Structures are given as structure tokens and as C-alpha cells.
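Note that the coordinates shown come from a computational prediction; the quantities given were computed from them, not determined experimentally.
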Amino acid sequence: MATDFLLQQVPSAEIVILGDFNAHHAEWLGSRLTDHAGRSVYDFALAHGLTQLVTSPTRIPDVEDHTPSLLDLLLTSHPDGYLVSVDAPLGSSDHCLIRSVVPLTLPSRLRSAGCRRVWHYRSADWDGMRSFFASYPWGRVCFSPDDPSAVADSVTDVVLQGMELFIPSSVVPIGGRSQPWFGRSCKTALRSKQECYQAWAAASATRDVNTSTLKKKYNFASRSFKRVSAKAKSEHIGRIGEKLVRLPSGTRAFWSLAKAVQGNFCKPSLPSLHREDDSLAHDAKDKADLLGSLFASNSTLDDGGKTPPTIPRCECSMPDVLFSQRSVRKALLSLDIQKSSGPDGIPPIVLRTCAPELAPVLTRLFRYSYSQGVVPNSWKTAFVHPIPKKGDRSDPSNYRPIAITSLFSKIMESIINCQLIRYLEDHQLISDRQYGFRRGRSAGDLLVYLTHRWAEAVESKGEALAVSLDIAKAFDRVWHKALLSKLPSYGLPEKLCKWITSFLVDRSIKVVVDGACSDYKPINAGVPQGCVLSPTLFLLHINDMLLTGNIHCYADDSTGDALYTGRANISRENVAEYRNKLVSEVESLLNKVSDWGRLNLVQFNPQKTQVCAFTAKKNPFVVSPQFQGTPLLASASIGILGVDISSDVQFRGHLEGKAKLASKKLGVLSRAGQYFMPAHRLLLYKAQVRPHMEYCSHLWAGAPQCQLLPLDRIQRRAARIVDDRALSDRLDSLALRRDVASLCIFFRIYHGECSEELFGLIPAAKFHERTSRLYSRYHPHHLDDWRSTTAI
């Protein structure tokens, strides 16, 4: 509670707690035993997202029989960049000297130049715009050229012309003001403070009059200015909170609030980036150019004139894509008005509001583009926004390029993708072991199937060996020739193949960072992340990889495994033979995957490939399969789709990581707590914190209670932050929510709304020919409990 109070007083502060804790914890601190102090400190660090940085023993006892111990700890909420070393004790002390180099990050004052245009949609004349579009001679003005690119540009110009005529706008500096709450009242109070100060200073210099009265006036004006500015800032953040309540899951509004609370409205979205020559890119333009060159190089592929591979052709054929006014209008009405506009500057609110008037025009444009097999050039230009991944944010390679393209292109892609997915699913052309980007499937479904296989192997006195593959730049380096050569094999019509070819070639990107843009960079590989059609094209690209062996995929995350079932009292010689067979099967699978990657110009990262042996045997499973000449060493756990699974098919590490992440998110809510009503804080907790503690809960809901207690502590801390007993008492317990989620998922799997292999795990309900008192209590869908001999 004291930590939460301090963060409310100094929201931007970093928590650092250090000293002699005299705590012992066997797993956390490497002690021989765990005492009450060790458990208390560990729970405190886990609840507040603190990391312990001292790793060496800090107390060297004088008595020879006593062992060194780690008693002096350094806990911090921002561990990145710390350098901690332990030296010999000073003088006669038995405690070592701990040195820590602390990184200091100064707020950047660089402001990107330039302005942007802001449309005032609330003051727009929507009826006038609809009439303008309804009466405009589209056919004579826009559809006279024979070039789809010119037609698309003409339609775009007319829509922009309608916006100019009927929507007021203004020009504001990019990045906004550094203190947006500093309005007229704050300026008046500041002016009064400055005037009182100047009067007091002038009187003090001349010493002709008594300055005590002027000093009191200045003190009063100074306190008044503080009150006015604090009230203005509180009201401003309150307005942000009101907006966030209307969209509790809106990520953009949530992080805008976090920046507002920290008082860093002008803080750049990206830190300084490291170049290859170890210099730093500070300016927004330099960052954009650096990331633009990197993203362009990642999406540039030299195939050396290689011939793409061929796959067997299916026996079915897909009909040509149809574009009806009804489907186009439906797509327009389903647009999210909170999304940003594309490079052409047309926002989704205009297309959604004027959907009845624009649907016939766009239908004609889409039909013309599809019949000619030409995608307009303006649709193949993307604004790329860098999204940080895990790792050091100053490393440019730790950013994912998300493409923002024209809304016209996205609408046409959505119509094509809807009919393409329906055709592929109806004819079962996508492998049943692919779980990504498919309706009725999720990452949780894949993890259910995999963990069930591994746990079942351990339960039957056997073992399992799993390998998680990492594809280097999976979406960015898709070889267009290989992808396009596979499309006819799936029965896609010729016009659609020609249109997709035009969709992929001659694309260019421009990176945008804090309003600054890089130059246009041409690319010749990859499917743009952010386009509607890209996920389906990627599935078709890697679909034949799943035919190489027992591999399961969620998009580009691929997992292969091999297992055997044993028996009681099996000899060590037989276990060694089974293990060698598992390693041989995994190596054979990896060789097939490597051959597929070589034919499709797909690169795998052997260094990032994970291997884990699932076993309950005391004899360790030493695994060293080879992958592209690199030996793979088994680890104690494997991370798949955001879930950390240990070698005994348990989830202790995963639960600790999620508790830390939820604690950090809750810390942001704690800092903003003083600006919100209790109901607002409760909505923020439900939308931004609790989902992290419930991700794939159906996998680990049966974990030991000691591993689930940190999650309950975080919810109790959230209840204190909400500070309303009537609201917090209505919060369902996490245990109840886990049970309900597990039952809902089981209900869906029981009724076949999942993959075929997952549905096959559900046993059929028993049919009892003879009615008895025992069987009469069972309903038709009754299933017997699966009896196990181990906790797994």
C-alpha cells in the first residue's frame, strides 16, 4: 500500500529498494532453505513487478562451517541497463561491497517539425456530403480512362473534394503541445504570479518600501497558480478517462492516458536507435530513415533465378470472385471509425457514413480492377508504423513493420478474402494442423492439443520430445514466385491469381515515426503485415510444410514433436533406446523442414530453436539433435505462443511471468487512480490487467494453489486501488472465472467447433442398454472422469 501511495505522489518514479533483507529463499536466492522473510520478500517483489539484480553471495561468514548466503538485495522496477557487481568486504565487515551502475535516461526535448491536418467530424455537413456523392457524375469523370490506377486516383480525388467542401478542418503542429491542459486560466494565473514576482523583486532592489506585503502577494499568487494548473491538469486527464471509459479496451487511449499521467506529452514514441556503426539516431527523421532501410532490406530477396517448387493440384476449382453492391455496402458499414486513414488520407468515418452513396462507385471500381487483374498503384504504397517486440527497444531489429494501406484496398481485400476462405475451408485445402487465422480455432486450442499429447505420454510412463521452430522474418521474406506458383494448385481462378500477382509486385513502403517520414523504399518480397489478404496468403505459402511431418502451426509459430508410451518397470536400456529413437525422429523432421525451407527460400534460426524433453523419469534426458549443423540443447522449459511449459508439463514459470506483467500494468493504473472515479478504475482493471492473468487459463487452472496465490494478491491490490467496496465485491474470483472459461472451451470442443484432431480427443458418450439406478442419474452427454496416476 505504501508503494502504491508513493507512485501516486510521484507517478514517473522508478522503484528501487535495497539493503540487508536477511531473507532466505531456496529457488529465488539459492539458499539452503526458505524462511518466512524470504517468502514475504519474494511475494512483495512479484506483486509489484520488481526484479532482484544481485546474483552472487553477499555475506561471507567468519566460521568455516557456515556457507555464504545472498542477503543484500537490489530490487527495481526498471532493471534494464543496470550493471551490478559484488566485491570483497570492506574492513572487518562480513558483508560484501555491492557496486551498481544506474542508467539515467533524460527526457528528450527534440520536437519534430511539420504540421498535420485535423478534420472536425462533429461539425461536418453529412447530409450535404451524401447529396454531393449521390449526384456526382462518377462514370463520366472517373471511369473514362482505361487504367485502373487512374480510375482509383480519380475516385479518391472526388472523395477528398467532398471532405474539403463539407468537413471543417484546421492545421496543428505534429506532436501537439507539451502541456495540453495549460489553457487560458493557467496563463492568467501565471501572468499574475510573474507580475507579483517582478513587483517584489523591484521593491527589494530599491529598498525604499516595505517588501513584506509584496512578498505575501507573490506567495499567494504562486499558490494560486499551482492550484489552477493542478486543477486544469486533473480535468484534462479526467476527460481522457471519460473517453477511455467509452472504449475500455482501446489501446491507443490507454497509452495516451499513461503518457498524460507521467507528464510526458512530448515524449517521443521511440527511443534513440543504434546504427551499425554504434552511433545513435535521435531525430525522428533519422529514426524513420534507419527503420525504412532495415525494413526494406528485410523485404528484399534475391532468388538467383531459382525455379519455385510445385505442389500437387487439387481436384476442385474456385469460382470467380463476385462483387455485389450489398457486400461492398456491408463492408463499408463494418469499418471501425477509430482506425486511422491510409496514405490517401480518406478516413473510415467518411466511407461508413456515406456507405449507401459510395457503394455503387466502389463496386464498379472493384469489378474493373479484378477484371483487368491490376491493383491500382496507390493501393500498393504503405505507411509503415514500427511496433516494438520483445528485447531492447533501442535495437532497430526489435521492431515489427505494420503497414497502413488504403481503405479502398482493404475493403476489396476483405471481400476477396471472405470468398477465398470459404472455398478453402469448404474443401479442406488448409491442413488441419494449422490453427492460425482460422475461424473456430485459437492459440489456446493448439496448446490444449500439444500439452495433452505430452502429458499423456508422461502419464503412460513414456516421454515426449518437442521442438519449436523460428522462421526468420516469416511475413517479410515470403518468396513471391513460390507463393504465386502454388495458387493455381489450390484451384484458384486465373483472374484471381493475376490480381494477387499485381497485388504483391511493385510495392513500396514509407516508415512514419513521430510525424516524420522516410523516403519511399521499394520491396520485392513478403506479404504486408496489416493487409486483410496477407494472413490467408501466408497460410497458402506454408501449408505444404505441414505435410513434411508431425508439425503444428499457429501462423509462423511451428512446433514439432515425437513421443512414445512406456510401461511400468521399464529398463534403462529400453529407455535409452526409446530416447535415441525420439532424437532420430526429431532430426528427420528437422531435415525435412530444412529441405522445404531451402526450396522455398525460407530461413530458419537454429539459434532460436527451442527443444524440451517432457519426462518424469529421474534419469535426465540429455538431448542434442542436429538442425542445419547446429546442435540443439534441451532446456528446462519451452515457450510456445506466449505460454511457458516446463519439462514436467507444469506452468510455474508462466504464472510468475504473467503475475509480474499484470503487476506492471496495475502500476500504471495505480498512478492514474487519483484522476478517475472508482467505476473507471474498475473498467481499466478488467480491460487492461485481468486478461494477462487469464490468458490460456484452461491449461493451468489446475496448478497448485501456491502458484495461483500471486494472481489473487494482484486482484486484491486492484480492489484496493478501485477503492469502492460495493464495486470490488462484485468482482468474480479468478478461480470462478477460470472454471467458467474451461467449461466454455470444453463445450465448444465437445460440439466439434475446433480442429478434427482436437475433436477426436473427446470420448463418445456411453450408451447403456440396461437402465439401472446408477445409470439413471446420468444425462445423455455424460462423460466419465479421466483417471490419472500422476499430478500431470
Side-chain angles (χ1 to χ4, degrees), residues 1-4 6 14-80 82-89 93-100 102 618 620 635-637 639 643-664 666-667 692-693 700 702-717 734 791:
M1 295 179 65
T3 305
D4 296 335
L6 290 176
E14 172 187 354
I15 303 176
V16 179
I17 303 176
L18 62 159
D20 182 4
F21 286 78
N22 196 22
H24 299 271
H25 196 286
E27 297 181 3
W28 190 39
L29 303 178
S31 308
R32 289 186 304 172
L33 49 85
T34 300
D35 58 7
H36 176 71
R39 285 191 294 268
S40 300
V41 175
Y42 177 76
D43 293 340
F44 174 79
L46 187 63
H48 292 84
L50 303 178
T51 302
Q52 205 286 116
L53 301 181
V54 183
T55 58
S56 303
T58 61
R59 180 180 180 271
I60 309 299
D62 298 333
V63 183
E64 295 183 359
D65 296 339
H66 293 184
T67 59
S69 56
L70 176 55
L71 302 180
D72 304 275
L73 310 181
L74 173 57
L75 306 174
T76 176
S77 58
H78 295 69
D80 296 336
Y82 273 78
L83 296 177
V84 179
S85 59
V86 179
D87 297 334
S93 173
D94 59 351
H95 283 256
C96 296
L97 176 64
I98 302 176
R99 300 180 185 271
S100 175
V102 183
K618 296 181 179 180
S635 57
S637 63
V643 177
D644 188 71
I645 309 169
S646 63
S647 58
D648 55 353
V649 203
Q650 299 296 311
F651 302 91
R652 179 183 180 88
H654 172 76
L655 293 176
E656 290 183 358
K658 289 302 178 182
K660 292 181 180 179
L661 180 59
S663 178
K664 291 181 180 179
L666 191 61
H692 293 287
M693 300 189 293
W700 45 264
Q705 190 64 26
C706 61
Q707 299 178 15
L708 300 175
L709 282 178
L711 304 181
D712 296 329
R713 293 192 185 100
I714 292 175
Q715 174 144 310
R716 289 196 294 269
R717 180 186 171 197
L734 296 179

Point to revise | Test item: Leu655 and Leu711 side chains (from C-beta on) under 4.5 Å apart, heavy atoms | key: yes
**Study point:** Distance in Å, Leu709 CG paired with Leu46 CG, rounded so as to fall on 0.5 Å steps
**Key:** 11.0 Å
Review point. For the atom pair CZ (Phe44) and CG (Leu75), what is the distance rounded to the nearest 0.5 Å?
Key: 7.5 Å
Study note, to complete from the structure: The side-chain contact (heavy atoms from CB on, under 4.5 Å) partner of Ser77 among Val16, Ile17, Ile15 is Ile15
Exercise for review: Report yes if the side chains of Leu29 and Gln52 come closer than 4.5 Å at any heavy-atom pair, otherwise no.
Suggested key: yes
Review point. So Trp700 and His654, would you call those rings parallel, tilted or perpendicular, with 30° and 60° as cut-offs?
Key: tilted
Check your understanding: Between Asp644 and Phe651, does a side-chain contact (heavy atoms from CB on, under 4.5 Å) hold up when you go through it step by step?
Key -> CA-CA 6 Å; Asp644 188 71; Phe651 302 91; over 6 Å; no
Practice item. State whether Lys660 and Glu656 are salt-bridged, where the test is any N-O pair (Lys NZ or Arg NE/NH1/NH2 against Asp/Glu carboxylate O) under 4.0 Å. Key: no
**Study point:** Test item: Ser100 and Leu83 side chains (from C-beta on) under 4.5 Å apart, heavy atoms
**Key:** no
Review point. Short question: side chain of Ser663, backbone of Ala659 - any donor-acceptor pair under 3.5 Å?
Key: no
**Study point:** Residue pair Gln707 / Arg652, side-chain heavy-atom distance below 4.5 Å
**Key:** yes
Exercise for review: Could you list the residues that satisfy side chain to side chain donor-acceptor pair (under 3.5 Å) with Asp72, not counting sequence neighbours?
Suggested key: Thr58, His95
**Study point:** CG-CG distance between Leu53 and Leu74, expressed to the nearest 0.5 angstrom
**Key:** 5.0 Å
Check your understanding: Taking all atoms of both residues into account, what is the closest heavy-atom pair of Met693 and Ala662, and its distance?
Key -> CG-CB, 3.6 Å
Check your understanding: Got Tyr82 and Thr51 here, is their nearest side-chain heavy-atom distance under 4.5 Å?
Key -> no
Review point. So do the side chains of Leu666 and Ile714 get within less than 4.5 Å of each other, counting heavy atoms only?
Key: yes
Revision key, fill the gap. Distance col, row Ser85:OG vs Ile98:CD1, nearest 0.5 angstrom, shows 9.0 Å
Practice item. Applying side-chain contact (heavy atoms from CB on, under 4.5 Å), name anything that partners Asn22, two or more places apart in sequence or on another chain. Key: Asp20, His24, Leu71
Exercise for review: Mind running side-chain contact (heavy atoms from CB on, under 4.5 Å) on Val41 and Trp28 for me, showing each step along the way?
Suggested key: CA-CA 10 Å; Val41 175; Trp28 190 39; 3.6 Å; yes
Practice item. Quick one: pull up OH in Tyr42 and CG in Leu50 and give me the separation to the nearest 0.5 Å. Key: 12.5 Å
Point to revise | Those residues that, when tested against Ser646, pass side chain to side chain donor-acceptor pair (under 3.5 Å) (two or more places apart) | key: Asp648
Exercise for review: State, with a plain yes or no, whether a side-chain heavy atom of Ser31 is found less than 4.5 Å away from one of Leu70.
Suggested key: no
